[in-house]
S.K.: 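What follows is a single structure, and I will ask about it in a moment.
A note on names: the letters A, B, ... follow the listed sequences, proteins ahead of strands, and every chain is numbered from 1.
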There are 2 protein chains.
Amino acid sequence: MLRSRPRKPVRKQPRRYHHGDLPRAMLQEAVQTIQTHGTEALTLRGVGERLGVSRTALYRHFADKQALLAAVATEGFRSLRVALFEAWDTGGRGREGFDAMGIAYVRFAVAHPAHYRVMFGGVVRPADGSQEAGDLGTDAFQVLVDAIVEQQQRGLVRGDDPRQLALYIWSVVHGVAMLALDGMLPPPTQADALVKFANERLRTGIAP
Amino acid sequence: MLRSRPRKPVRKQPRRYHHGDLPRAMLQEAVQTIQTHGTEALTLRGVGERLGVSRTALYRHFADKQALLAAVATEGFRSLRVALFEAWDTGGRGREGFDAMGIAYVRFAVAHPAHYRVMFGGVVRPADGSQEAGDLGTDAFQVLVDAIVEQQQRGLVRGDDPRQLALYIWSVVHGVAMLALDGMLPPPTQADALVKFANERLRTGIAP
DNA sequence: ATTCTTGTGTTGACAGTGTCAACATGAATG
DNA sequence: CATTCATGTTGACACTGTCAACACAAGAAT
């Protein structure tokens with residue numbers, strides 16, 4: 001299968017035998033490769049080469065390629081959680097902030113499509129596979145639950161089970177993000193517009 | 001990367017040089033392999049071997065592996081469209097039928113997780129990549145749009161742009177399906193239950 | 001009927017991949 | 001200083017997708 005080529009190996013200076021913090025560097029390199037060249041361009045040999053290290057050095061820090069991908073997913077959930085909370089918090093922790101959360105979610109996915117796919121693409125299961133990824137996934141999820149509870153206390157959202165509500169809303173934004181990534185949103189209806197529409201319908205429903 | 005082994009090659013009788021309908025057989029074999037052993041277990045050599053045909057015979061009918069996957073995606077959209085329409089139609093083409101559509105959608109994804117991922121996993125873009133897959137994707141989408149228009153005429157759904165509404169609702173079920181496939185729905189909250197909940201909130205909104 | 005053409009299937013080969021076993025290195029510990 | 005052990009390297013292997021060159025068969029053209 002033909003794949004696009006990542007950038008050439010760059011080693012600033014002849015590395016010492018022991019690289020300072022290889023795990024961190026490898027994760028970072030993997031994230032960048034995925035972001036700029038897609039997941040299929042991520043090859044263990046390439047990562048090693050670009051870090052000026054041999055092809056199997058990675059195995060001293062990650063069990064296998066899946067483990068590396070799991071770490072990438074973890075990193076993604078961390079960033080997503082930060083982005084969500086920031087949108088909610090700076091948006092005023094009210095209706096406006098909640099809408100901002102939805103927009104931030106979809107924007108994250110659209111800005112880092114390949115990375116987002118690793119998080120949810122089934123290569124690594126956020127729920128059971130990597131324990132850490134699962135925790136961070138639920139961490140990001142928790143931000144949403146908290147926001148819902150806070151809105152419920154202010155009488156902005158009905159008093160259903162907040163976790164159920166959160167799952168529902170997560171489904172909406174996740175669905176919009178996926179459709180956007182798959183290019184199923186026709187040009188006139190951009191992702192942002194759909195999120196805006198979704199936010200309105202989310203509150204008042206689709207019944208007349 | 002280690003992968004689970006598909007079943008052994010089975011050739012009933014010494015095949016003729018010209019296999020009757022190889023494209024169809026290969027597509028079918030690919031779908032079955034993906035369904036029972038996952039997408040990563042799909043190998044061109046394996047497909048050929050299991051059909052009692054050489055490893056590169058596939059190239060006379062598909063441009064490359066991606067093309068085969070595109071065909072798999074197409075087949076999936078066809079099935080999905082049928083399932084959706086049947087649920088809508090036998091459900092009485094009303095509120096009940098609409099809810100049934102949502103359940104049918106998620107059930108399809110849960111019943112054929114790997115196949116569903118091929119349809120939306122980004123390996124093949126339903127929108128532009130394979131023209132045929134795109135058409136079928138929008139065909140399935142059209143079923144939803146039609147159902148919405150019909151409900152609007154009966155006063156069951158507000159008179160927004162039906163395509164926008166359809167995109168929104170598609171996002172919801174697609175999101176639920178994806179979360180279910182990723183195992184992010186905790187045991188107490190099964191996929192069906194979430195769809196049921198989603199159907200209610202979809203109509204009346206989350207505001208108090 | 002015989003030849004030709006063209007669609008279909010085969011074999012050989014190649015570059016690239018993830019992964020393991022065996023070995024090399026060097027920093028920390030006694 | 002000697003040892004230990006985490007860390008990095010080299011060699012090898014099985015497996016993959018893909019291409020080029022070849023073999024075969026069925027229908028068209030003669």
Side-chain angles (χ1 to χ4, degrees), chain A residues 1-9 11-27 29-30 33-34 37-72 118 123-124 129, chain B residues 1-9 11-27 29-30 33-34 37-72 118 123-124 129:
Chain A
M1 208 175 307
L2 219 58
R3 22 191 81 152
S4 63
R5 290 260 134 257
R7 70 178 193 279
K8 65 189 169 189
R11 60 154 81 187
K12 332 183 175 184
Q13 53 201 13
R15 289 221 174 277
R16 293 186 286 301
Y17 194 90
H18 279 64
H19 182 289
D21 190 357
L22 247 193
R24 180 98 36 203
M26 284 176 159
L27 172 56
E29 178 62 36
T33 300
I34 286 176
H37 294 92
T39 307
E40 61 197 2
L42 179 70
T43 151
L44 301 191
R45 299 169 120 93
V47 170
E49 196 176 347
R50 254 165 279 132
L51 289 173
V53 114
S54 89
R55 51 213 140 88
T56 61
L58 182 140
Y59 284 89
R60 300 295 146 183
H61 307 280
F62 298 91
D64 54 4
K65 192 179 183 179
Q66 288 232 9
L68 178 62
L69 284 174
V72 169
V118 172
V123 192
V124 79
Chain B
M1 208 175 308
L2 218 58
R3 22 193 80 153
S4 63
R5 290 260 134 258
R7 69 178 193 279
K8 65 190 169 191
R11 61 154 80 185
K12 332 184 174 183
Q13 54 200 11
R15 290 219 174 279
R16 293 186 286 300
Y17 194 89
H18 279 64
H19 182 290
D21 191 357
L22 249 194
R24 181 95 41 200
M26 285 176 159
L27 173 56
E29 178 62 37
T33 300
I34 287 176
H37 294 92
T39 307
E40 60 198 2
L42 180 70
T43 151
L44 300 192
R45 299 169 119 95
V47 170
E49 197 176 345
R50 255 165 277 134
L51 289 174
V53 112
S54 90
R55 52 213 140 89
T56 61
L58 182 139
Y59 284 89
R60 299 295 146 185
H61 307 280
F62 298 91
D64 54 4
K65 192 179 184 181
Q66 288 231 10
L68 178 61
L69 284 174
V72 169
V118 172
V123 192
V124 80

S.K.: Do B:R60 and C:dG7 have a side chain to base donor-acceptor pair shorter than 3.5 Å?
M.R.: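 No, the side chain and the base share no sub-3.5 Å donor-acceptor pair.
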
S.K.: Measure the distance from NZ on A:K65 to P on C:dT19 and round it to the nearest whole Å.
M.R.: 8 Å

S.K.: Between C:dG9 and B:H61, is there an OP1 or OP2 to side-chain N/O distance shorter than 4.0 Å?
M.R.: yes

S.K.: Could you list the protein-to-nucleotides 10-13 of chain D atom pairs, N/O on both sides, closer than 3.5 Å?
M.R.:
| residue | atom | partner | partner atom | Å |
| --- | --- | --- | --- | --- |
| D:dT10 | O4 | A:T56 | OG1 | 3.0 |
| D:dG11 | N7 | A:R55 | NH1 | 3.4 |
| D:dG11 | N7 | A:R55 | NH2 | 3.1 |
| D:dG11 | O6 | A:R55 | NH1 | 3.3 |
| D:dA12 | N6 | A:R55 | NH1 | 3.1 |

S.K.: Are the side chains of A:V72 and A:T39 in touch, meaning some heavy atoms are under 4.5 Å apart?
M.R.: no

S.K.: Is any side-chain nitrogen or oxygen of A:T43 closer than 4.0 Å to OP1 or OP2 of C:dG18?
M.R.: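 So the side chain of A:T43 is within the cut-off, an N or O lying under 4.0 Å from OP1 or OP2 of C:dG18.
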
S.K.: Please give, in whole Å, the distance from D:dA21 C1' to B:Y59 OH?
M.R.: 16 Å

S.K.: Taking salt bridge (Lys or Arg N to Asp or Glu O under 4.0 Å) as the test, write out the residues that go with B:R60, two or more places apart.
M.R.: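 Here no residue qualifies.
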
S.K.: Taking only N/O atoms, report every protein-nucleotides 3-5 of chain D pair under 3.5 Å with atom names and distance.
M.R.:
none

S.K.: If you compare all heavy atoms of B:A71 against all heavy atoms of B:F62, which two are closest, and at what distance to 0.1 Å?
M.R.: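 Looks like CB-CE2, 3.9 Å.
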
S.K.: Between C:dT17 atom C1' and A:D64 atom CG, what is the distance in whole Å?
M.R.: 14 Å

S.K.: Looking at every non-hydrogen atom in both residues, tell me the closest pair between B:L44 and B:Y59 and how far apart they are.
M.R.: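 Where B:L44 meets B:Y59 most closely, the heavy atoms are CD1-OH, 3.5 Å.
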
S.K.: For the CE atom of B:M26 and the OG1 atom of B:T33, what is their distance to the nearest 0.5 Å?
M.R.: 11.5 Å

S.K.: State the CG-NZ distance between A:L68 and A:K65, to the nearest 0.5 angstrom.
M.R.: 8.5 Å

S.K.: Write down the distance between CZ (B:F62) and P (D:dG17), rounded to a whole number of angstrom.
M.R.: 14 Å

S.K.: Rounded to the nearest 0.5 Å, how far does CD of B:E29 lie from CD of B:E49?
M.R.: 10.5 Å

S.K.: What is the distance, rounded to the nearest whole Å, between atom CG of A:L68 and atom C1' of C:dT17?
M.R.: 15 Å

S.K.: Figure out the CG/P separation between B:D21 and C:dG7, and round it to whole Å.
M.R.: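 Result: 17 Å.
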
S.K.: For B:R45, check side-chain contact (heavy atoms from CB on, under 4.5 Å) against everything at least two apart and list the hits.
M.R.: B:T43, B:R55

S.K.: Report yes if some heavy atom in the side chain of A:L42 is under 4.5 Å from a heavy atom in the side chain of A:V118; otherwise report no.
M.R.: no

S.K.: What is the distance, to the nearest angstrom, from the CG atom on A:L58 to the P atom on C:dG18?
M.R.: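 About 10 Å, once rounded to whole Å.
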
S.K.: Rounded to whole angstroms, how far apart are CE on A:M26 and P on D:dG8?
M.R.: 7 Å

